[in-house]
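Working notes for the structure below.
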Amino acid sequence: MHEELIDELVAKQQLSRKEWILLLNSVNDPLREYAASKARSVAQKIYGTKIYVRGLIEFTNYCRNDCYYCGIRRSNSKVNRYRLTPDEIISCCDRGYQLGFHTFVLQGGEDLSYTDEALTDIIRRIKAAHPDCALTLSIGERERSSYQKFYSAGADRFLLRHETADDEHYNKLHPKELSPAHRKQCLSYLKEIGYQTGCGIMVGSPYQTTENIADDLLYMKELDPQMVGIGPFIPHTDTPFKEFTAGSLEMTLFLLSLTRLMLPNVLLPATTALGTIKSDGRELGVLAGANVIMPNLSPGKVKKDYILYDNKICTGEEAAECISCVEMRMQKIGYQIAYERGDYKKA
Ligand code: 5AD
Ligand code: FES
């Protein structure tokens, strides 16, 4: 039943490629629950039963990229495209601050109409208005010098999923103008610059193999990020991957637990995608070792236009509804929402 591999992981925070593959191939319910209970106690030892909240602001759905899995890829002509103005972005943060948030995540497609100067200005304004808040960027690949400017302007964290560590698999998910080496290069730059950096993957993305996942775990161990985003792949009807099936709840939960055990201090969200494939998916994510949740603070009128995959939850108008919903969900399983900045705790 391979509990001994979980025990080894707990002891060494690492496994060999061969062991990862064996473990991933032998997953069943009892083993998953074994890993989850270990992961929970690791998370609780470091972060208690607090779940950090991040206010997500989806500020543009324009994207220069054409990733085969993504609903806002540039070839999807059905998307109603929007951009928030700097003032609109700032008022989202102000609203979030009133609601108690101390981290804002600016997420968008790769939209170069927001120049380095424009973004730098937005970052400065947010940090000036809310100096006690952390600011996370999730805006894809840019030059190292741009990343440096954003950091100097006050951005604290950066999310950039690597999607898959395997070059061949990467090329099956992305058109050829995107390069796996460049994605990893960006992640190294972000870490060097000093961002709390997040990488991550979709579970069950098309053509993903067990070996790919093992390599993702090895890559994450090597990068040693402060955050890891893991959610199931979910098909979007207006993409080339519309016929593929969604990633499994069970494998997503298992990977959350393994990630917690491999990187004990990592900030690990129970993602919206996880809540989309199962109504209590985020609760199960927390019970598998996640310690972050990211309610949507985007203005109600644009929420239904930022759709990366089918049936996305939380597209209702009111951010406050999501907050009370999340509060209740966490309470039900014995956790509490924490409104502090929630920085990475070094070991
Ligand atoms: N299903 C699940 N996750 C997706 N993402 C993009 N498209 C999908 C999809 N169809 C994820 C990617 C990206 C993050 C912002 O959203 O991993 O990095
Ligand atoms: Fe958004 Fe429940 S968290 S509706």
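No experiment lies behind these values; they were computed from the predicted model shown. Heavy atoms only: backbone and side chains are in, while hydrogens, waters and symmetry mates are out. Both ligands and their constituent atoms are indexed starting at 1 by order of listing.
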**Asked** Any idea which of Pro232, Ser205, Ala273, Gly231 brings a heavy atom closest to atom 2 (C) of ligand 1?
**Response** Pro232
**Complete:** ligand 1 to Arg161, heavy atom cutoff 4.0 Å, flagged ligand atoms 11 (C), 12 (C), 17 (O), 18 (O)
**Message:** Once side chain to side chain contact (heavy atoms under 4.5 Å, CB included) is applied, do any residues pair with Ser41, and if so which ones, sequence neighbours excluded?
**Reply:** none
**Asked** Quick one: does Ile234 get an N or O within less than 3.5 Å of an N or O on ligand 1?
**Response** yes
**Message:** Test your reading of the structure: does Tyr69 have an N or O sitting under 3.5 Å from an N or O of ligand 1?
**Reply:** yes
**Message:** With a 3.5 Å distance limit and no angle check, can you tell me whether Arg260 reaches the backbone of Val266 through a side-chain donor-acceptor pair?
**Reply:** yes
**Request:** Could you tell me whether ligand 1 has any atom less than 4.0 Å away from a heavy atom of Glu163?
**Result:** yes
**Request:** For atom 5 (N) of ligand 1, find the nearest protein heavy atom and state the residue, atom name and distance (0.1 Å precision).
**Result:** Met202 SD, 3.8 Å
**Item:** atom 15 (C) of ligand 1: nearest protein contact (heavy atom, Å)
**Value:** Leu308 CD1, 3.9 Å
**Message:** Could you go through Lys242 and Asp310, starting from their C-alpha distance and side-chain angles, then the distance that decides it, and tell me whether this counts as salt bridge (Lys or Arg N to Asp or Glu O under 4.0 Å)?
**Reply:** CA-CA 9 Å; Lys242 62 177 174 223; Asp310 291 342; over 6 Å; no
**Request:** Please work out which of the three classes, parallel, tilted or perpendicular, describes the rings of Phe241 and Tyr68, given edges at 30° and 60°.
**Result:** perpendicular
**Request:** Give the C-alpha distance, both sets of side-chain angles, the deciding distance and a yes or no for side chain to side chain contact (heavy atoms under 4.5 Å, CB included) between Ile213 and Leu255.
**Result:** CA-CA 9 Å; Ile213 299 176; Leu255 284 172; 3.5 Å; yes
**Prompt:** salt bridge (Lys or Arg N to Asp or Glu O under 4.0 Å) between Asp111 and Arg64: does it pass, once the steps are laid out?
**Reply:** CA-CA 6 Å; Asp111 180 357; Arg64 64 170 160 168; over 6 Å; no
